[in-house]
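These notes are about the structure you will find just below.
Here is the naming used below: chain letters follow the sequence lines, and residue numbers restart at 1 for every chain.
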2 protein chains.
Amino acid sequence: MARAATTSDVFNAIAEPQRREILVLLRTGERPVTELARKLGMTQPGASKHLRVLREVGLVRDRRAGKQRLYGLDARGLRSVHEWSGGFERFWSDRFDRLGRYVEDLNHERRGE
Amino acid sequence: MARAATTSDVFNAIAEPQRREILVLLRTGERPVTELARKLGMTQPGASKHLRVLREVGLVRDRRAGKQRLYGLDARGLRSVHEWSGGFERFWSDRFDRLGRYVEDLNHERRGE
DNA sequence: CGCTCATATGCCGATATCGGCATGCGTCAA
DNA sequence: TTGACGCATGCCGATATCGGCATATGAGCG
């Protein structure tokens, strides 16, 4: 085996700090590649590659505009991330942060299966 | 350069499907390594390695219990993921899904910087 | 057409990752 | 102490990833 199939997955796409930065920048609207590269301090090919990953998982869309290619946000895919992480919300809320977890664990002494 | 520093980051830790499964399982309480491995259909060393990553980013804690080692959830680190993804919420809500994005983009014809 | 700008792609090197296997280490019981 | 169990670690092979560089592709312009 090896490295398992991670690509093509939204969670993997946002695992990269620079890709998250791109998404944040795109919240303010469509942007051409060069501008993204410049603002984030990366090379143009670097930006293109990250954008490609984001496009493949559906988080951005591109549109031709003359010589430029504008990338825009399509954040619907982030909804699953939000919902998945939200499934743990009670574990970080004050009520459950400590005591809750402790009590829960006690309930599970039947951990044999 | 190479592969950039991704490890030691919560986003990276949850990029792995199996690690997400572990976290979900741990929502019901502490579990020993072998049980996790069995339930998720992975080998014991495999489980240990994923648990190590999760421990290093602070998403799980371990506790010795006789011969066993119990792993428990500490999901506070997922809060940042939830909040980050929540920052895009308006982009997937019905109101903004299409029209909103379109209008926003129009506002940014001043995209020269 | 030939040139230039904007972007994508290909190739490379360095490295990180994942799974499998063998083995080390600690704990408990006889 | 010896042995069994539970888990961690080390090593390996296959592969994926990221950054950098050079280059291909495409659009607009003169």
Side-chain angles (χ1 to χ4, degrees), chain A residues 1-23 25-26 30-57 59-72 111-113, chain B residues 1-23 25-26 30-57 59-72 111-113:
Chain A
M1 311 260 153
R3 199 148 226 223
T6 55
T7 312
S8 225
D9 169 78
V10 174
F11 283 89
N12 179 65
I14 64 170
E16 242 289 328
Q18 311 217 61
R19 287 197 286 261
R20 288 201 296 279
E21 293 186 58
I22 289 177
L23 293 176
L25 259 179
L26 291 182
E30 293 179 318
R31 291 288 184 273
V33 176
T34 309
E35 184 185 335
L36 293 172
R38 181 169 45 76
K39 283 191 175 171
L40 298 178
M42 45 184 166
T43 63
Q44 174 269 310
S48 278
K49 285 172 186 172
H50 283 311
L51 285 166
R52 179 180 177 143
V53 174
L54 292 172
R55 196 192 332 151
E56 283 173 347
V57 302
L59 286 175
V60 302
R61 303 209 206 130
D62 61 308
R63 172 168 80 82
R64 305 272 283 275
K67 273 196 290 190
Q68 301 188 126
R69 184 178 290 249
L70 299 180
Y71 278 87
R111 77 177 78 84
E113 166 66 52
Chain B
M1 313 259 155
R3 206 158 219 215
T6 54
T7 312
S8 226
D9 169 80
V10 174
F11 283 89
N12 179 65
I14 65 170
E16 240 290 328
Q18 310 218 59
R19 288 197 285 262
R20 288 200 297 278
E21 293 186 58
I22 289 178
L23 293 175
L25 259 179
L26 291 181
E30 294 178 317
R31 292 288 184 273
V33 176
T34 309
E35 185 186 335
L36 293 172
R38 182 170 44 77
K39 283 191 176 171
L40 299 177
M42 45 184 164
T43 63
Q44 174 268 310
S48 279
K49 285 171 186 172
H50 282 310
L51 285 166
R52 178 181 179 143
V53 174
L54 292 172
R55 196 191 333 152
E56 283 173 346
V57 301
L59 286 175
V60 302
R61 303 209 206 132
D62 61 309
R63 172 169 78 84
R64 305 271 284 277
K67 274 194 290 190
Q68 300 190 127
R69 185 177 289 251
L70 299 181
Y71 278 87
R111 77 177 79 84
E113 166 60 52

Taking only the side-chain nitrogens and oxygens of R19(B), find out if one of them lies under 4.0 Å from OP1 or OP2 of dC18(C).
-> yes
Closest to the side chain of K49(B), out of dA8(C), dT9(D), dA8(D), is dT9(D)
Check whether any side-chain heavy atom of L54(A) lies under 4.5 Å from a side-chain heavy atom of L26(A), and answer yes or no.
-> no
Per atom distances to the T43(B) side chain, the nearest of dG6(D), dG20(C), dA8(C) is dG20(C)
Compare side-chain N and O positions of H50(B) against OP1 and OP2 of dG19(C) and report whether any pair is under 4.0 Å apart.
-> yes
Distance, rounded to the nearest Å, where E35(B) contributes CD and dC5(D) contributes P = 18 Å
Could you state the atom-to-atom distance from CD of E16(B) to P of dT17(C) in whole Å?
-> 11 Å
Among dT7(C), dC21(D), dT17(C), the one nearest any side-chain atom of N12(B) is dT17(C)
Can you find a side chain N or O atom of Y71(A) that sits less than 4.0 Å from OP1 or OP2 on dA6(C)?
-> no
Would you say R52(B) reaches dT9(D)'s phosphate, i.e. side-chain N/O to OP1/OP2 under 4.0 Å?
-> yes
Could you check if a side-chain atom of I22(A) sits within less than 4.5 angstrom of a side-chain atom of M42(A), using non-hydrogen atoms only?
-> yes
Taking the side chain as every heavy atom from C-beta outward, state whether L40(B) and L25(B) have any pair of such atoms under 4.5 Å apart.
-> yes
Of G46(A) and K67(A), the one whose closest DNA chain D nucleotide lies more 5' = G46(A)
Is there a donor and acceptor pair closer than 3.5 Å between the side chain of Q44(A) and the base of dA8(C)?
-> yes
R64(A) side chain near dA27(D) phosphate (N/O to OP1/OP2, under 4.0 Å) = yes
Do V60(B) and L23(B) come within less than 4.5 Å of each other through their side chains, counting heavy atoms only?
-> yes
d(CD, Q18(B); P, dC18(C)) in whole Å | 9 Å
